[in-house]
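Only one structure is covered here, and it is reproduced in the block below.
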There are 2 protein chains.
Amino acid sequence: MHRNPGPRGTCAHEETHGHRLNGDAVESRARSYAVSKGVPFTPMRQSVLALLAASGKPMSAYEIAEKVSDARKLKAVQVYRALEFLQEAGCVHRLASRSAYFACDHLHGEGETVVFMVCAQCGAVQEAASELVARGLRGAAKTTGFRPRHPMIEVEGECAECAGTPER
Amino acid sequence: MHRNPGPRGTCAHEETHGHRLNGDAVESRARSYAVSKGVPFTPMRQSVLALLAASGKPMSAYEIAEKVSDARKLKAVQVYRALEFLQEAGCVHRLASRSAYFACDHLHGEGETVVFMVCAQCGAVQEAASELVARGLRGAAKTTGFRPRHPMIEVEGECAECAGTPER
DNA sequence: CAATGCTTGTTATACTGTTACATATGAGAC
DNA sequence: GTCTCATATGTAACAGTATAACAAGCATTG
Ligand SMILES: [Zn+2]
Ligand SMILES: [Zn+2]
Ligand SMILES: [Zn+2]
Ligand SMILES: [Zn+2]
């Protein structure tokens, strides 16, 4: 469903949406990953990813379960299973600060240190890789001999729109 | 309980303990905060803080409820209330990546950007403030006009001890 | 004493996530 | 085709995390 709607351009009513992303590109990344693992990209996985990509904002697993495809009401465990696959595929991230999940259309390199910037007003998430942050983390670790493996960086704040349009 | 045990030096069996911290100093910080807010530093708050400080490792709220003072079995809500106070007082942090709480004996400045380094093996947490990370975050935010407020940085990895003594 | 403000005790409930097991589906192997 | 195997799905129960609501206690103060 909702395949090939043409180019996903910016649309006029951003306030109801999260950061617009290219759902087709995200989905094709998921498909590639599925192929590479020799597993199917099932309708279940497709639906969850499509919902997240269309929303563009973080949603809790239960929120996803309610809203997926307007049809069959999913159980939480089904959503978690789909999310597990999508996270492995790199199409979805988990926001620990909110226990929420969101679609990502970036292609993250292996050692990349990614910063999630979460708007406290509208919930939208922006991502940025920062080599400077990565260096800072390595420096912090070195002072104590800590061996860093998986950094998790989430910054709460206000996105440009919400900061410019307070309380709207 | 376990007041004035003299200087808290390193002890011989670190594997069962987290990073040793000065429980007295932490508690006195909590007392100061209580005074400054005109509220009491109650036995409830004292017990929870003492347990966390003695353990030196992150514990879940329910774990705290079970282990506090060996006596009266606390309800979760009581633990959460104590933790709320202690977090405001700056004596306890929450680890979002583990939904766990740990005592902190640092005195964090207002805008300080703190990195939590969590050992995947032993669970111990080390903290370090990094101005370099702070600059990196500001840089990442600037590219999109994001206004950062509360960074949350948790790095999973291995502490020096566990990295040096794998699988022991 | 009475009023106020905060803490505590208690119950219930919401939200988040996992385990276990039965069933279905789909791709090779025979 | 059918068997077999691995994986995905359906279903139920449960474990773990966190908050809401309200009664009761205990202090300080007027
Ligand atoms: Zn991403
Ligand atoms: Zn916003
Ligand atoms: Zn700290
Ligand atoms: Zn360790």
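Just so we're on the same page: letters track the sequence lines, and every chain starts at 1.
Classification of A/Arg94 and A/Glu154 as a salt-bridged pair fails, no side-chain N sitting under 4.0 Å from a carboxylate O.
Spacing between atom CZ of B/Phe41 and atom P of C/dT8 amounts to 11 Å, rounded to whole angstrom units. In this structure, B/Gln46 places its CD atom 12 Å from P of C/dT8, rounding to the nearest Å. In this structure, the CD1 atom of A/Ile64 is 12 Å from the C1' atom of C/dT16, given to the nearest Å. Look at CD on A/Glu84: it is 13 Å from C1' on C/dT19, rounded to the nearest Å. One interatomic measurement links the two molecules: NZ of A/Lys73 to C1' of D/dG10, which rounds to 14 Å at whole-angstrom precision. A/Met44 has its CE atom 15 Å from the P atom of C/dT25, to the nearest Å. Computed from coordinates, the A/Gln78 CD to C/dA24 P distance equals 15 Å when rounded to whole Å. Rounded to an integer number of Å, the gap from B/Leu86 CG to C/dT7 P is 12 Å.
In summary, the aromatic rings of B/Tyr101 and B/His93 are positioned with their centroids too far apart to meet the 6.0 Å limit.
Under the 3.5 Å distance criterion, the side-chain polar atoms of A/Glu84 are left unmatched by any main-chain donor or acceptor of A/Arg81. At least one donor-acceptor pair under 3.5 Å links the side chain of B/Lys57 to the backbone N or O of B/Cys122.
In this structure, A/Phe85 and A/Phe41 have tilted ring planes: the angle between them lies in the 30° to 60° band. Using cut-offs of 30° and 60° on the angle between ring planes, the pair A/Tyr80 and A/Tyr62 is perpendicular.
Using a 4.5 Å heavy-atom cutoff, the side chains of A/Val114 and A/His108 are in contact.
Under a cut-off of 6.0 angstrom, the local environment of CZ in B/Arg98 is crowded, with over 12 non-hydrogen atoms contributed by other residues, nucleotides or ligands.
Every residue meeting the side chain to side chain donor-acceptor pair (under 3.5 Å) condition with B/Arg149, not counting sequence neighbours, appears here in chain and number order: A/Glu158.
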> What one-letter contact string describes nucleotides 13-30 of chain D from 5' to 3', where B marks a base within less than 4.0 Å of any protein heavy atom, S marks contact via sugar-phosphate atoms alone, and - marks no contact?
Replying inline: ----BBBBB---------

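Using five terminal pairs a side, the axes of the helix from C/dC1-D/dG30 to C/dC30-D/dG1 at its two ends make an angle of 10°, given in steps of 10 degrees.
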